[in-house]
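Take a look at the structure below.
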Amino acid sequence: MPTPTPVDLTALGTPLGGSRRLLGYLARPDGVGPWPGVVVVHEALGADEVMLRQTERLAGAGYLTLMPDLFADGGVRRCLVATMRAAASGRGRAYADLEAARRTLAAHPDCSGRVGVIGFCMGGSFALVLAGRGAFDAASVNYGLLPKDAERTLVRSCPVVASFGGRDRMLRGTAARLETTLAQAGVPHDVKEYPAAGHSFLNAAENAPRWMRPLTRIAGIGPEPESAADAWHRIEEFFAEHLAEA
């Protein structure tokens, strides 16, 4: 499977109003491009090994994939609160960091020019906001919060594929509300809730700190392989349809 390599995005991100230090991980498919691009927006726990595996998986599916580290300029402890607020509010330097990642892919000689975004947990919230801004060609939203003004935010959204867990207490009812919002706006979409899954069910392994894992297991947070396999199938089919060269 393609291995992500570190890249420095600071020169593009800082002038856009982003982080003073912005790093990322780029994964290239095997073979000869160009390929569509996908920006990966990581979970609240950061650009860890589990998120790197998601990046590798997308490259293996044929996408030039870039995951910016939204915590590179200070680490999780210093950046988490501000980044979570940005995900909820639609404002903050994280959006400039993500735009830098999108522009990097769009300008890459191995990119077809079509770029999607995929987000997990906190990243799913970012992906949903970004879907409505017109810069991306498709979005995959995985257990992300809906914006408070979802009807207005998503009225001109790009196509969206979204996956939620029925056991995810934090997002109860979110899948149904997103389905209704996108349908009313006439946005191409595929929204599904998995009854057996909780939060972070697409992860291939647990990534919470070890001391937290008894609590996350009780809360049903973590991998659910059967639901994840179906969700990945839907994501890959949706991206294949909407990120193909026009």
Side-chain angles (χ1 to χ4, degrees), residues 36 38-44 54 58 83-92 94-95 98-99 102 114-203 219-222 224 226-244 246:
V38 174
V39 173
V40 176
V41 195
H42 59 70
E43 292 186 337
Q54 310 290 41
L58 284 156
T83 308
M84 291 286 285
R85 286 176 178 165
S89 69
R91 300 184 303 275
Y95 289 96
L98 293 166
E99 174 62 11
R102 187 196 68 80
R114 305 278 291 175
V115 181
V117 59
I118 185 170
F120 306 89
C121 175
M122 175 191 77
S125 301
F126 276 111
L128 199 49
V129 173
L130 291 169
R133 295 192 172 180
F136 287 93
D137 297 298
S140 173
V141 177
N142 301 291
Y143 27 90
L145 291 167
L146 262 66
K148 292 180 181 179
D149 54 350
E151 290 78 11
R152 182 179 63 84
T153 300
L154 298 173
V155 69
R156 293 182 177 84
S157 173
C158 66
V160 173
V161 56
S163 300
F164 296 89
R167 297 177 60 203
D168 190 340
R169 298 173 186 173
M170 298 178 290
L171 297 173
R172 190 168 292 161
T174 300
R177 292 196 299 273
L178 180 58
E179 167 74 35
T180 298
T181 300
L182 294 173
Q184 290 177 344
V187 174
H189 64 280
D190 173 3
V191 179
K192 186 170 180 177
E193 183 176 272
Y194 293 89
H199 201 71
S200 296
F201 73 89
L202 277 161
N203 288 351
I221 298 172
E224 207 298 293
E226 187 174 341
S227 301
D230 184 76
W232 276 116
H233 177 73
R234 291 173 40 248
I235 291 165
E236 290 174 11
E237 282 204 335
F238 198 86
F239 274 1
E241 177 183 358
H242 294 286
L243 295 181

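In what follows, every heavy atom counts, from backbone to side chain, and hydrogens, waters and symmetry copies are set aside.
With a 4.5 Å cut-off on side-chain heavy atoms, Lys192 and Asp230 count as touching. Proximity of Thr174 to Leu145: side-chain heavy atoms (C-beta onward) are nowhere separated by under 4.5 Å. Side-chain contact between Met122 and Phe126 is present, with at least one heavy-atom pair separated by less than 4.5 Å. Counting heavy atoms from C-beta outward, Leu98 and Val117 have side chains that stay 4.5 Å or more apart. At least one side-chain heavy atom of Leu154 sits under 4.5 Å from a side-chain heavy atom of Leu178. Side-chain contact between Trp232 and Leu58: present, with at least one pair of heavy atoms (C-beta onward) separated by less than 4.5 Å.
Considering all non-hydrogen atoms of both residues, Val187 and Cys158 come closest at CG1-O, 3.3 Å. Of all non-hydrogen atoms in Met84 and Ala44, the two that sit nearest each other are SD-CB, 4.0 Å. For the residue pair Gly116 and Leu243, the shortest heavy atom distance occurs at N-CD2, 3.7 Å. Closest approach of Pro195 and Arg167 over heavy atoms only: O-CG, 3.3 Å. Between Gly92 and Ala86, the shortest heavy-atom distance links the atoms CA-CB, 4.2 Å. For the residue pair Val160 and Val141, the shortest heavy atom distance occurs at CG1-CG2, 4.1 Å.
With respect to Glu237 and Arg234, no salt bridge is recorded, no charged nitrogen being found less than 4.0 Å from a carboxylate O.
Tested against Tyr143, the residues Phe164, Tyr194, Phe201 include a single ring pair (Phe, Tyr, Trp, His ring centres under 6.0 Å) partner, Phe201.
The structure places NE2 of His199 at 10.0 Å from CG of Asn142, a figure rounded to the nearest 0.5 Å. Remark: Arg169 CZ to Arg172 CZ distance equals 7.0 Å, nearest 0.5 Å. Taken from CG in Leu128 to OG1 in Thr181, the straight-line distance is 9.0 Å, to the nearest 0.5 Å.
With hydrogens and angles disregarded, a donor-acceptor distance shorter than 3.5 Å links the side chain of Asp137 to the backbone of Val115. Using modelled atom types, one side-chain atom of Arg114 and one backbone atom of His242 make a donor-acceptor pair closer than 3.5 Å.
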For this session: Report the C-alpha distance between Phe239 and Ser140 in whole Å, list the side-chain angles of each, state the deciding distance to 0.1 Å, and finish with yes or no for side chain to side chain contact (heavy atoms under 4.5 Å, CB included).
Result: CA-CA 8 Å; Phe239 274 1; Ser140 173; 3.7 Å; yes
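Around atom CZ of Arg133, more than 12 heavy atoms belonging to other residues, nucleotides or ligands sit under 6.0 Å away.
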